[in-house]
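Structure record follows, encoded as structure tokens.
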Amino acid sequence: MVLSREFYTRPDVVQIARELLGKQLCSIIRGKFTSGIISETEAYAGVTDRASHAYGNRRTGRTEIMYKTGGTGYIYLCYGVHSLFNVVTNIEGIPHAVLIRGIIPGEGVPLMLQRTRKNNLTKNFGIGPGNVTKVLGIHFSMTGIDLTIKNAGTGNDAIWLEEKNYKVNDSEILTTTRIGVQYSGEAAKFPYRFVLNK
DNA sequence: CGGCCGATCCACT
DNA sequence: GTGGATCGGCCGA
């Protein structure tokens, strides 16, 4: 079942980040389907979170996407090399987001290998936010895409999340501070990263 | 318009 | 453990 608008528009972005573990992230890129189970997430709590791009209510061409309704994809270029995929949460006007940092490969592994130019599944395949987008074929030019429908009307391309029969127990969830945000002072200490430890 | 820098990754030592 | 790659976005002038 595709995750609904109501799932994304709830107010607690940290709780949503936690709940996204075990959900299936799917893409159709140029007509080709690939998917994986989300194994690592980080919450970015909007205008009061110094680690967020929207800290201090900053509105720019890029961050504007974060102010859209929950269930929108916020994708941006990092270090000039990597597309990073986020799920926008909360209602329109409140710029919360969850960064997807890792997936367990599901369907379409041969195509994933082709995209990463590898011959077989390595130990950390699909781990790391730049790798998530690489294996699923997601590009930062797709930012703003609607995540609640399987065909978002952008030609053959679509991204969505599904609830699958993948059970996650609380005991399997590791909570830590976020990666790469040491510049953000106190916010760097927030326990906003969730890892599936299975 | 110029300069700085990033929610990273990988090869190499 | 470390450093280079690489370029759009953001800010200041």
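Every chain is numbered from 1 and lettered A, B, ... according to where its sequence line falls, protein lines coming before strand lines.
Counting only heavy atoms from C-beta outward, the side chains of A:I159 and A:L25 approach each other to under 4.5 Å. Using a 4.5 Å heavy-atom threshold, the side chains of A:Y166 and A:L196 count as touching. Looking only at side-chain heavy atoms (C-beta outward), A:Y76 and A:S83 stay at 4.5 Å or farther from each other.
Looking only at atom types and distance, the side chain of A:R115 has a donor-acceptor partner in the side chain of A:T34 under 3.5 Å away. A:N90 and A:Y67 are not linked by any side-chain donor-acceptor pair at a separation below 3.5 angstrom, with hydrogens and angles left out of the test. Side-chain contact, A:Y74 with A:H53: a donor N or O sits under 3.5 Å from an acceptor N or O.
A:L99 comes within 4.0 angstrom of a nucleotide base, judged by non-hydrogen atoms across all strands. In this structure, A:N131 reaches the sugar-phosphate backbone alone: every heavy-atom distance under 4.0 Å involves primed, P, OP1 or OP2 atoms, never a base. At the heavy-atom level, A:R178 lies nowhere under 4.0 Å from the strands shown.
Rounded to an integer number of Å, the gap from A:L84 CG to C:dC7 P is 16 Å. To the nearest angstrom, P of B:dA7 lies 11 Å from CG of A:L77. A:Y74 has its OH atom 10 Å from the P atom of C:dG9, to the nearest Å. Spacing between atom OH of A:Y79 and atom P of B:dC9 amounts to 10 Å, rounded to whole angstrom units. In this structure, the NZ atom of A:K118 is 5 Å from the P atom of B:dC10, given to the nearest Å. To the nearest angstrom, P of C:dG4 lies 16 Å from NE2 of A:H82. Distance A:E40 CD to B:dC9 P: 9 Å, rounded to the nearest Å. For A:R59 and C:dG9, the CZ to P distance is 18 Å, given to the nearest whole Å.
Of the listed residues (A:T41, A:I179, A:V132, A:L84), just one forms a side chain to side chain contact (heavy atoms under 4.5 Å, CB included) with A:L99, and that residue is A:L84. In summary, of the residues considered (A:T148, A:V2, A:V87), a side chain to side chain contact (heavy atoms under 4.5 Å, CB included) with A:L161 occurs for A:V87 alone.
When the C1' atom is used for both B:dC5 and C:dG3, the distance is 16 Å, rounded to whole Å.
Residue A:A97 is the one, among A:A97 and A:K134, whose nearest nucleotide of DNA chain B lies closer to the 5' end (criterion: closest heavy atom).
Residue A:T60 places at least one side-chain N or O closer than 4.0 Å to OP1 or OP2 of C:dC10. Of the side-chain N and O atoms in A:R58, one or more sit less than 4.0 angstrom from OP1 or OP2 of C:dC11. Here A:R101 reaches the OP1 or OP2 of B:dT8: one of its side-chain N or O atoms lies under 4.0 Å away.
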Starting at the 5' end of DNA chain C, write a dot or bracket for each base, bracketing those in Watson-Crick or G-U wobble pairs whose two distances are under 3.5 Å and using | for partners on another strand.
|||||.||||||.

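In the set C:dC7, C:dA5, C:dC11, C:dA5 carries the atom at the smallest distance from any side-chain atom of A:V81. The side chain of A:H53 approaches B:dA7 more closely than any other nucleotide in the set B:dA7, B:dT8, C:dC11.
Once the 5.5 Å centre distance and the 30° plane angle are applied, the aromatic ring of A:Y76 is found not to be stacked with the base of C:dG9.
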